[in-house]
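Read through the structure below, which is laid out as structure tokens, and then see the notes.
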Amino acid sequence: MKLLELECGGERGMTAVTVAELCRTLPDDLRPVHPPVPPAAAISAVHVSELLDPVVYLDGGELLLTTGLALPRRAEECRRYVDRLVRGGVAALAFGVGPVHPAIPPRLVDACRQAGLGLLEVPEPTPFLTISRAFWSAVSRADRHELSAALSAYQQLARAATGPRPVPGLLRALAETVSGWAALLDPLGTAVDVWPDDRLSTARRLAAETARLRMAGMRAAATFPVDGDDVVVHPLADGARVVGYLATGAPPVAADASPGQHRSARSTISGAHRHVVLMAAALLSLDAVRSRRATAAVRAARASIAQLIDLGQAEAARRLGQRLGIDVPDGLARLVVFDGVPADTGLDVIAAACRGTVLGVSDDPPPDRTQEREVTWCVVAADGLAWPELQRSLSSLGSDVRCVVGAPLELDDLASMRTRLAAELSRRPVPWIGEAGGDGLVDAGGAHRLVAPLVELDRPKVVAAVAAYLRQRGHWEAAARELGLHRNTVRYRVGTAERLLGVDLRDPDAAATVWLSLRALGLA
């Protein structure tokens with residue numbers, strides 16, 4: 001991976017003029033001698049020199065014009081002259097006949113043929129100025145063409161950014177501009193959106209490279225090959241914070257090397273294209289900021305409604321929700337109180353397990369002021385919460401999560417319940433996930449009934465085996481090492497538990513339910 005510092009200017013984005021194109025432009029003034037078909041080597045400039053060693057004045061890629069004023073008479077010296085031109089990276093040699101030589105000397109033709117250097121004839125009376133003017137006119141036309149293409153691309157990006165679906169529109173416009181693909185990545189490098197869809201697998205491979213880019217800072221871009229494409233990744237910023245990355249990929253195209261050099265490849269993402277990529281990155285950054293602020297505004301509004309409910313102002317909460325277009329539970333509602341997980345993450349998990357709107361706050365201190373863990377609470381419709389799904393989702397967040405779901409209550413009755421649930425949560429071990437009983441406080445009766453055959457028959461060894469097996473995610477060897485037993489002993493005890501409970505612990509749903517029940521009773 002190659003890291004680059006982002007610049008507002010960047011390199012010149014002109015389309016290269018080739019020897020073949022210049023010959024086609026001047027068919028009577030620039031004639032190919034060797035090879036018969038002029039090469040497609042790119043020309044960087046047109047230079048006139050009668051020196052035997054003009055290389056010190058060249059940068060490479062020039063079309064060198066000469067009348068052969070100092071051309072050596074001996075064939076060996078003529079070959080050394082041509083070899084110097086090849087080492088200097090000359091694109092081709094154009095020989096003007098008439099003023100010094102009536103025709104191109106055969107020794108020069110042979111030397112160019114042996115060295116692989118393109119040789120052109122400028123017939124009398126064509127002045128070298130004609131060649132120079134034609135070259136720079138072609139460069140000017142190419143620049144105007146690229147400028148027109150860039151302006152068209154900018155217009156497409158602007159239309160996409162103001163459309164109903166800005167992100168897919170921007171990615172599509174950018175991918176079409178570079179004749180490749182484009183992807184939006186989140187701050188961790190995970191693909192969020194890709195155009196076209198069939199490049200999703202390629203975009204998913206960028207996470208590792210993006211991890212290196214994060215260490216390089218805000219103003220660094222990265223280029224690297226992926227699946228045969230040249231990929232450029234730019235960070236998307238919100239102030240000093242990276243909110244994502246824009247990845248652009250296109251296949252490299254063959255670039256004709258100067259004589260004597262290896263044929264290389266250049267990216268189809270030209271200098272002009274890179275300006276378009278930077279504009280797309282700026283627009284996507286603005287969209288990310290706008291989305292983040294919109295999400296924050298909605299969450300703040302929902303938090304305000306939840307605070308009104310917490311203060312016993314249920315009617316005022318309903319009216320505010322109606323004014324803001326936010327659904328407030330009309331009938332029974334539940335309180336969900338949790339800690340041990342970032343507030344936004346917890347609220348997102350609850351929202352995914354809830355068919356209705358989640359009204360939540362994340363900055364409320366726990367009732368026990370000596371407790372350092374931040375408690376988050378939210379209000380959900382009583383009939384909208386999928387409790388088993390919520391259990392599984394919260395359990396997957398880690399071993400530090402505690403959560404209690406309150407009993408269904410009228411909205412007006414929730415005000416006195418939140419503090420009691422939070423206080424109860426603070427007394428529970430970590431991890432723990434439970435549901436409230438009829439009085440709104442935690443009731444482990446449901447969990448007890450589920451695992452009663454193990455608890456009432458006093459099978460602590462069986463319970464320990466089940467807990468270890470589930471804690472180790474079904475790995476017998478790991479569970480056996482934890483208990484200091486042979487794995488066949490663990491298998492026997494887990495099999496006993498399955499017969500007593502009437503479940504198959506290989507079933508993820510059954511395993512999750514038994515695990516949560518054991519945790520609710522403090523047995524796991």
Side-chain angles (χ1 to χ4, degrees), residues 186 291-367 373-398 400-425 431-436 440 442 512 516:
D186 68 13
S291 299
R292 185 177 62 83
R293 290 177 179 174
T295 300
V298 171
R299 283 192 166 167
R302 291 177 178 176
S304 299
I305 296 172
Q307 289 282 12
L308 286 174
I309 295 173
D310 189 52
L311 294 172
Q313 303 296 323
E315 184 58 31
R318 289 191 182 95
R319 291 184 180 181
L320 180 59
Q322 185 177 12
R323 181 179 290 267
L324 298 176
I326 296 175
D327 293 331
V328 177
D330 215 11
L332 298 178
R334 290 178 181 266
L335 276 173
V336 181
V337 183
F338 63 90
D339 66 8
V341 64
D344 289 350
T345 303
L347 291 174
D348 287 342
V349 168
I350 293 171
C354 183
R355 291 188 293 271
T357 300
V358 175
L359 309 173
V361 297
S362 60
D363 56 356
D364 199 55
R373 294 165 65 98
E374 181 184 25
V375 172
T376 303
W377 59 275
C378 60
V379 179
V380 300
D383 59 352
L385 187 64
W387 170 241
E389 183 177 342
L390 177 63
Q391 288 178 305
R392 289 193 295 271
S393 298
L394 286 175
S395 297
S396 68
L397 294 179
D400 203 32
V401 179
R402 293 185 302 194
C403 176
V404 58
V405 178
L409 296 172
E410 293 289 342
L411 208 60
D412 299 279
D413 298 330
L414 294 180
S416 61
M417 188 54 55
R418 194 263 305 174
T419 302
R420 298 170 63 191
L421 290 178
E424 177 64 27
L425 186 71
W432 186 86
I433 301 174
E435 191 172 11
V442 175
L516 292 172

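We number each residue from 1, following the sequence as shown. What you are looking at is a predicted structure, and each value in this text was computed from that prediction instead of being measured.
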Inset, instruction - Can you spot which of V358, V328, L335 makes a side-chain contact (heavy atoms from CB on, under 4.5 Å) with V379? - result: L335
A side-chain contact here means heavy atoms from C-beta on lying under 4.5 Å apart; do [X] and [Y] qualify?
{"X": "T376", "Y": "V337", "result": "no"}
{"X": "R318", "Y": "L411", "result": "yes"}
{"X": "W377", "Y": "L421", "result": "no"}

Nearest heavy atoms of [X] and [Y], plus distance in Å:
{"X": "L347", "Y": "G360", "value": "CD2-CA, 4.2 Å"}
{"X": "P329", "Y": "V380", "value": "CG-C, 4.1 Å"}
{"X": "C403", "Y": "F338", "value": "CB-CB, 3.9 Å"}
{"X": "R334", "Y": "P408", "value": "NH2-CG, 3.6 Å"}
{"X": "I305", "Y": "G321", "value": "CD1-CA, 3.6 Å"}
{"X": "I350", "Y": "C378", "value": "CD1-SG, 3.6 Å"}

Inset, instruction - Run the numbers on L332 and E410 for side-chain contact (heavy atoms from CB on, under 4.5 Å), then give the verdict. - result: CA-CA 5 Å; L332 298 178; E410 293 289 342; 3.6 Å; yes
Legend entry - Atom pair CG/CG of D339 and L425 - distance to nearest 0.5 Å: 4.5 Å
Legend entry - Point-to-point distance, once rounded to the nearest 0.5 Å, from CG of D327 to CZ of R302: 8.5 Å
Legend entry - E315, CD atom: more than 12 neighbouring heavy atoms under 6.0 Å: yes
